[in-house]
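Quick notes on the structure that follows.
As the structure lists them, so they are numbered: ligands from 1, and atoms in each ligand from 1.
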Amino acid sequence: MANFLIEGENRIGGELPIHGAKNAALPILAAALLTRRSVLHNCPDLSDVRAAAHILEHLGCTVQREGDTVIVESDDGVYCDIPDGLMREMRSSVVFLGAILTRCGRARVSFPGGCELGPRPIDIHLASLERMGVNIKEDHGDLDCTIDGKMVGTELNLPFPSVGATENILLAAVLAEGTTVIHNAAREPEIQDLAGFLTAIGAKIHLKNDGTIVVEGVETLLPEVEYRVIPDRIATATYLCAAAATGGELLVTKTEPEYLAAVLPMFEEMGCQVKTGPDLIYLKGPRRLRPVRMVRTMPYPGFPTDAQAPFMALSTLAQGTSVFVENIFESRYKHAAELMRMGARIKVEGRVAVVEGVPALHSAQVRCTDLRGGAALCIAALAAAGVSRVSDIAHIERGYERLEEHLSSLGAKITRE
Ligand code: UD1
């Protein structure tokens, strides 16, 4: 695997347009199975997106990229299975399940295993699909799913507002017989974007403010669509963290400040100056960061779990103690041990991490443990004295388009090894 070499203590500043959202593009690519031709603009060029394209190609679609536009054509002969190797390329491949079921009336996919964030169960996905009339059998690690006739709309109460489960239900419900009501559905902007895409191909979806989604099944969907993926809120937060950690001044463009309503006040609490425009965020880092009293990760509109690691990197340099409570994933502090190699002082106890800020970090050899944890290590390395080697950067490439090129254009000294 490749590494980054990062020489720290260089300010991150300038202007940066943000790429499209990975977590919106992936379910929308799965949804492309439900129409013949999808033209998707602002589709980020990431290894996870390429993995989704491989799945579509395996299923019989053609996928072409022209700049940031991806064109998916899906003709009649669509297969209904995803082999184990392709499922493992990307954990969120489970979102293809609902789309394949709607398109083919059956599906065979391998059971997604655990991942670097701990066990990733899909019980909510499966229980919901079963309630909609899908027969699911586990067969040697594969899920064999069949439907007698059509899927049927029903009332579902999710025990947790799971993003992936909400997406699978939406994909299953659009052509189901009757109305599906999802109570306690996920409300992330990426869910709104998937609903936007499905609506553009003729689905009838009503997103209510209280977290209920109502989907009225329709008979057919439209054959063609052109759609623009929303900007990536987590990439936005990550670059802002890089500027904040190095005392820089950054203008992020082509983004959506509203998606970061729970995050931007944290930057202010840490002493950053923040200004927003319709699709812009400006941030100026202070000479010394202040601590953030409490970061509790929550489902949207709360503080996103995906921004926890980048903020932890930032808080290691604050003048005082910051507390993090991770409420979404069981095991999402693996970056803490790596940050400690750079001189950070962090204590982790179950879901809580206490970070005692230090005046400066020093360079070290550190290893990415997961996508956002890897981004956190880059932020720390950008601020640290000396040259750090960040290894296993394939994790980072799942979610950040040309990170080293963008950081270099903003004043970082970063090379790939
Ligand atoms: C999505 C995002 C990921 C983000 C997460 C939470 C994508 C591709 N990934 O992941 O970046 O960190 O939302 O915002 O969009 N759970 C169950 N049973 C289930 C489903 C989930 O117990 O059937 C649990 C999970 O183990 C986890 C929590 O619910 O602890 C949240 O998971 P979920 O919202 O489903 O996240 P993902 O869709 O996997």
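- Against a heavy-atom cut-off of under 4.0 Å, I122 is close to the following atoms of ligand 1: 19 (C), 23 (O).
- Taking every non-hydrogen atom of G164 and a distance limit under 4.0 Å, the qualifying atoms of ligand 1 come out as 35 (O), 38 (O).
- With a heavy-atom cut-off of 4.0 Å, D123 touches ligand 1 through backbone and side chain alike.
- In summary, the atoms of ligand 1 found under 4.0 Å from a heavy atom of S92, numbered by their order in the structure, are 8 (C).
- Annotation: side chain of I396 is in contact with side chain of C378 (closest heavy-atom distance under 4.5 Å).
- Those atoms of ligand 1 that come under 4.0 Å of a heavy atom in F160, given as number and element, are 28 (C), 29 (O), 31 (C).
- The atoms of ligand 1 that sit less than 4.0 Å from any heavy atom of R332 are 12 (O).
- Per-residue contacts place T305 under 4.0 angstrom from the following atoms of ligand 1 (heavy atoms of the residue considered): 6 (C), 12 (O), 14 (O).
- Every atom of ligand 1 is numbered from 1 in the order shown, and the set under 4.0 Å from a heavy atom of P121 is 17 (C), 18 (N), 19 (C), 20 (C), 21 (C), 22 (O), 23 (O), 26 (O).
- Of the N or O atoms in E167, none lie within a sub-3.5 Å distance of an N or O in ligand 1.
- For ligand 1, one of its N or O atoms has an N or O atom of V163 under 3.5 Å away.
- A side-chain N or O of T305 and one of E326 form a donor-acceptor pair less than 3.5 Å apart.
- Inspection of the T297 and R332 side chains reveals no N or O donor paired with an N or O acceptor under 3.5 Å.
- A donor and an acceptor atom, one from each side chain of E249 and Y282, are located under 3.5 Å apart.
- In I328, the parts holding a heavy atom less than 4.0 Å from any atom of ligand 1 are both the side chain and the backbone.
- Not close to ligand 1: E190, with no non-hydrogen atom less than 4.0 angstrom away.
- By the 4.5 Å heavy-atom criterion applied to side chains, L34 and I201 are counted as neighbours.
- For the ligand labelled ligand 1, residue E326 lies outside the 4.0 Å heavy-atom shell.
- Of the polar atoms of F329, none of the N or O atoms is found under 3.5 Å from an N or O of ligand 1, judged by distance alone.
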- Query: Taking it one step at a time, do D142 and K137 satisfy salt bridge (Lys or Arg N to Asp or Glu O under 4.0 Å)?
  - Reply: CA-CA 8 Å; D142 276 0; K137 270 197 283 182; over 6 Å; no

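- Between D139 and R108 there is a salt bridge, since at least one side-chain N of the basic residue sits less than 4.0 Å from a carboxylate O of the acidic one.
- Ion pairing of E89 with R50 is absent here, as no side-chain N (NZ or NE/NH1/NH2) approaches a carboxylate O to less than 4.0 Å.
- The backbone N or O of P310 lies less than 3.5 Å from no partner atom in the side chain of R372, so there is not a single donor-acceptor pair.
- The proximity of S162 to ligand 1, defined as any non-hydrogen pair under 4.0 Å, involves the side chain as well as the backbone.
- Looking at N23, T166, I234 and measuring to atom 9 (N) of ligand 1, the nearest heavy atom belongs to N23.
- Within the set I191, N168, N327, D306, the minimum heavy-atom distance to atom 4 (C) of ligand 1 is found for D306.
- Within the 3.5 Å criterion, the main-chain N or O of V214 finds no donor-acceptor partner in the side chain of T180.
- Not less than 6.0 angstrom separates the ring centroid of Y333 from the ring centroid of F324.
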